[in-house]
Amino acid sequence: MRLSDYTDYTLRVLMYCATHADRLVTIGELAAHHSVSKNHLMKIVNDLARQGVLETVRGRGGGLRLLVDPATLRIGDVIRASETDFRLVECFDPATNLCILNPACRLKKAFQSAMKAYMKELDAVTLADVALVKASPRPRGPNQFEVRFAGK
């Protein structure tokens, strides 16, 4: 499975914010660090803010920071929230499946098991595990330790 660029940069934004938890991070700083457009990052940051993962501060001296403890944010949840398509093969989507092998095919079950194992592994990894975390952010809201992404 290949992750989308959107998911890749979502993870990069979260990792960068986790490693700079002592201060606000700007979109411009993120864009320069990752060599990606500010517009692309704005959409990612807005989605993460809407999900309650990032706090955004407007105005002069503004920026963004994590609202959650990196040790509680599972990478599997981040990927489920940012990826739009988990179809490894055509038969994963009954609405568009035209495969003539489907009635007797055992490959679909193997792929489903592999996907389940893949997500289980990612659920065992937190943002703190993959980022060079200096310190956990201060509690900023009532849901700091209860972040649950809405899966797509």
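- Defined by atom type and a distance below 3.5 Å, a donor-acceptor pair is present between the side-chain atoms of Thr126 and Asp129.
- At least one side-chain heavy atom of Leu14 sits under 4.5 Å from a side-chain heavy atom of Val53.
- Smallest separation of non-hydrogen atoms from Ala49 and Thr56: CB-CG2, 4.0 Å.
- Not counting sequence neighbours, Arg106 has no partner by the salt bridge (Lys or Arg N to Asp or Glu O under 4.0 Å) test.
- With hydrophobic clusters built from ILVMFWY side chains whose heavy atoms lie under 4.5 angstrom apart, Val25 does not share a cluster with Val57.
- One finds the CG atom of Leu3 at 10.0 Å from the OG1 atom of Thr10 (value rounded to the nearest 0.5 Å).
- Note: the hydrophobic cluster containing Tyr16 does not contain Leu24 (ILVMFWY, side chain heavy atoms under 4.5 Å, direct or indirect links).
- Using a 4.5 Å cut-off on side-chain heavy atoms (C-beta onward), Met42 and Val45 make no contact.
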Between Val125 and Arg74, is a side chain to side chain contact (heavy atoms under 4.5 Å, CB included) present by the stated rule, with each step listed? CA-CA 6 Å; Val125 178; Arg74 300 183 322 172; over 6 Å; no

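- The ring pair (Phe, Tyr, Trp, His ring centres under 6.0 Å) test applied to His34 returns no partner, not counting sequence neighbours.
- Residues Cys17 and Leu66 come closest through the heavy atom pair CB-CG, 4.0 Å.
- The minimum heavy-atom distance linking Ala18 with Ala131 is given by the pair CB-CB, 3.9 Å.
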Kindly indicate, with the supporting measurements, whether the criterion side chain to side chain contact (heavy atoms under 4.5 Å, CB included) is fulfilled by His33 and Leu30. CA-CA 5 Å; His33 186 76; Leu30 283 164; 5.7 Å; no

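- Residue Leu73 holds its CG atom at 5.5 Å from CG of Leu127, rounded to the nearest 0.5 Å.
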Which pairs would a plain distance check flag for residues 116-123, meaning a side-chain donor or acceptor within less than 3.5 Å of a matching protein atom at least two apart in sequence or in another chain?
{"unit_1": "Asp123", "atom_1": "OD1", "unit_2": "Arg80", "atom_2": "NH1", "d": "2.8"}
{"unit_1": "Asp123", "atom_1": "OD1", "unit_2": "Arg80", "atom_2": "NH2", "d": "3.4"}
{"unit_1": "Asp123", "atom_1": "OD2", "unit_2": "Arg80", "atom_2": "NH2", "d": "2.7"}

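- Taking Tyr9 as the reference, His40 meet the ring pair (Phe, Tyr, Trp, His ring centres under 6.0 Å) condition, with sequence neighbours excluded.
- The CG atom of Asp8 lies 4.0 Å from the CZ atom of Arg12; values are rounded to the nearest 0.5 Å.
- Taking all atoms of both residues into account, the shortest heavy-atom contact from Val130 to Met15 is O-CE, 3.2 Å.
- Residues forming a side-chain hydrogen bond (donor to acceptor under 3.5 Å, both in side chains) with Thr7 (at least two apart in sequence, or on another chain): Ser4, Ser82, Glu83.
- Legend: salt bridge (charged side-chain N to carboxylate O under 4.0 Å, His left out) pairs involving residues 26-46, not counting sequence neighbours, sorted by first then second residue: Arg23-Glu29.
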